[in-house]
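Protein chains get the first letters and strands the later ones, always in sequence-line order, with residue 1 at the start of each.
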Amino acid sequence: MRNILTALTAIIIASSAGQVMAQEKSSSFKPFLEHRIVAGFNFGATTPMGFPNTIRSIDGYWPEFSPALGYELSLRASQKWGAAIGVKMDFKGMGTKDKVQYFHTIITVQDGSSTGTFEGTFTGRNKTIARNAYLSFPVSAVFTPNDNWRFSLGGYMAWKFSANFHGDVSDGYIRNGGPTGEKVIVDHATFDFGNEVRNFDIGFQGGAERRVGKKLSVLGNLAWGVRPIFPDSFKGLDFPLYNVFLMLGVSYKI
Amino acid sequence: MIRRTLCFGALLATLFSSSCIKDAPLNPEADIDSFIVAKSQLTSDPFIDQVNSKILLYLKQSAYENGVVPRIVPVPGAKVTPDPGDTLKFDQSTGLGLTAYTVTSQDGRYHKTYTVQVVNIGVWAWDFEHWVEQSPNRYMYPIEADSSSIWSSGNPGIAIALPSNQKVPGSYPLRDTTDAYHGSHAAVLETRGGTPLSSLVGIRLFAGSLFLGVFDSRFGLTNPLAATQFGQPYIGKPKSFTGYYKYTPGAVFQDKSGKPVAGATDSCSIYAVLYSGTTRLDATNIQTSDRIVAMAKLPDGGAKANYTRFNLPFVYYRPATSQMMLAIVMSSSYMGDQYQGAIGSRLTVDSLQIIHE
């Protein structure tokens with residue numbers, strides 16, 4: 001995380017230095033605005049940073065249908081440097097099947113006006129489907145070395161407008177209370193933590209675009225969330241999850 | 001586009017599934033999984049009560065007097081002290097094992113100490129005078145004069161589903177009562193509603209139950225009918241099952257999904273089953289198994305405002321065998337095994353007795 005922060009600071013400083021140099025060399029360049037429509041699909045995962053040893057194997061992974069559609073406004077301040085700001089509707093989804101061992105969880109259940117909690121350590125299989133939709137605002141520094149390539153690096157802020165995080169656990173057992181609790185067999189149970197997902201996500205993002213037509217480019221953009229998607233008060237999982245998604249798509253200059 | 005998806009998916013899958021998986025964590029569990037004693041010394045299979053860390057042994061008289069040499073299998077990686085291999089002897093008046101076994105988990109952080117208890121039913125007559133509150137779940141259970149426990153109920157299963165702030169004796173279906181026929185206490189079985197956690201597995205009603213046997217908590221959540229295991233070892237030939245009961249059905253009979261059923265009234269069930277073998281039957285097969293030798297059943301479970309005597313003769317279906325078990329099962333809702341009944345149905349029982357030939 002600190003390396004990314006250092007890299008980002010370096011690039012912003014370099015870009016401002018570059019701007020000054022560019023202005024001295026070619027004073028005939030006039031800054032202008034560009035408008036782009038961006039569309040594509042997100043591939044990635046809501047993932048822990050480094051797998052805790054309670055995850056014993058990943059038995060399956062698949063990206064859910066996760067379209068992204070947005071608009072980007074960029075300012076070309078100099079020949080090669082600029083900045084961009086965008087607004088994007090981002091669906092971030094994935095599915096996974098895994099096996100866990102001694103996985104500590106606290107499940108809270110609401111039934112009418114009463115709440116029940118169950119705490120224990122679970123060993124068994126898990127299938128999770130996460131599909132969260134955000135309204136995202138990426139902000140970046142843009143480097144355009146030539147007519148064909150365009151690179152951007154910056155951050156994003158996103159607000160959730162739809163959350164889905166559910167799945168089931170099977171073929172296992174849970175120990176009531178903790179590792180020395182009595183073993184209770186779980187052959188199938190479902191869970192739904194969609195209501196617990198945080199409303200606000202923030203992170204770094206960076207991308208590359210290659211022009212393929214007069215106004216059309218293909219692009220890839222990696223968005224790396226730095227805020228866990230569940231609040232600290234949520235104890236259903238014993239490790240934090242972050243949104244890490246790569247968007248592959250096209251941009252069209254309008 | 002599709003090719004790109006597949007390539008990327010494969011890359012991520014490889015990344016995640018290979019060296020990213022860390023070494024297995026050390027096992028933090030400290031259970032005894034099996035406690036094995038030679039079958040020739042047993043009148044019934046040993047039962048490990050994981051909730052109370054107790055091993056219940058049903059021994060023949062000679063094994064009880066001379067002690068047994070157990071084989072203990074803990075969870076993988078855990079260590080048992082003292083190392084079993086020496087004869088385990090028992091206090092001849094209380095049946096308590098003179099050695100307690102402590103299990104230490106593989107990661108060294110957790111311990112569990114098990115005491116061994118020999119269970120022997122001397123007199124098949126009960127007045128339910130002595131009751132103990134279980135710690136930490138705070139449900140009541142009856143004990144014998146020698147402090148051993150041969151009666152069980154659905155209480156341990158409800159304890160799994162109750163929020164901790166509701167764990168008080170009054171929340172559980174089986175409790176003691178001073179409204180006794182004889183002596184100072186009797187047992188009251190009351191049908192209660194489900195909890196938010198139990199409704200996750202489709203249980204909206206807990207019938208009050210009291211039975212001779214054990215509760216195996218492994219099945220408490222996903223197969224509760226297999227968790228209530230009925231019967232204790234029995235020698236002899238029972239003639240009849242007698243006792244005193246009174247019953248008030250609850251106001252509204254509900255079906256499995258919690259919907260009221262018009263015109264239906266709850267009734268109680270009281271029966272005793274003599275069956276062959278050393279492995280307990282449970283709520284899935286206690287009335288249908290082909291191991292049943294004889295059965296005594298209350299024919300009419302309707303309302304009885306005052307204490308009423310019942311005298312149920314054992315009807316024999318098959319010949320007796322050398323190793324048998326006798327179960328007494330009582331419930332405040334006759335369809336409690338299908339989670340149907342009336343919340344609030346109350347069955348009070350006292351002065352039970354098995355009359356032998």
### Message
If we define contacts as heavy-atom pairs under 4.5 Å, which of Asn27(B), Val75(B), Asp216(B) has the most with chain A?
### Response
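The option with the most such pairs is Asn27(B).
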### Task
Specify which of Leu162(B), Asn223(B), Asp31(B) makes the most heavy-atom pairs with chain A at under 4.5 Å.
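Of the candidates given, the most pairs with chain A belong to Asp31(B).
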Given that the side chain runs from C-beta out, which part of [X] has a heavy atom under 4.5 Å from chain A: side chain, backbone, both or neither?
X: Asp23(B); result: backbone
X: Asp49(B); result: neither
X: Val103(B); result: neither

Is it the case that over 12 heavy atoms from other parts of the model lie below 6.0 angstrom from the [atom1] atom of [X]?
X: Lys97(A); atom1: NZ; answer: no
X: Arg210(A); atom1: CZ; answer: yes
X: Lys127(A); atom1: NZ; answer: no

### Query
Quick one: does Pro25(B)'s side chain get under 4.5 Å of Gln101(A)'s, heavy atoms only?
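Pro25(B) vs Gln101(A): side chains touch.
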### Query
Between Thr180(A) and chain B, which part of the residue has a heavy atom less than 4.5 Å away: side chain, backbone, both or neither?
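Both parts, backbone and side chain.
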### Task
Go through Arg175(A) and Glu29(B) one step at a time and tell me if the side-chain contact (heavy atoms from CB on, under 4.5 Å) criterion holds.
CA-CA 9 Å; Arg175(A) 285 196 176 272; Glu29(B) 302 171 342; 2.9 Å; yes
Rounded to the nearest 0.5 Å, what separation is found between the [atom1] atom of [X] and the [atom2] atom of [Y]?
X: Arg218(B); Y: Tyr173(A); atom1: CZ; atom2: OH; value: 12.0 Å
X: Asn53(A); Y: Leu26(B); atom1: CG; atom2: CG; value: 8.5 Å
X: Asn137(B); Y: Asn176(A); atom1: CG; atom2: CG; value: 7.5 Å

Might you point out which heavy atoms bring [X] and [Y] nearest each other, and give the distance in Å?
X: Ile21(B); Y: Ile55(A); answer: CG2-O, 3.8 Å
X: Ser217(B); Y: Glu182(A); answer: OG-CG, 3.4 Å
X: Pro28(B); Y: Pro179(A); answer: O-CB, 3.5 Å
X: Gly181(A); Y: Lys112(B); answer: O-NZ, 4.3 Å

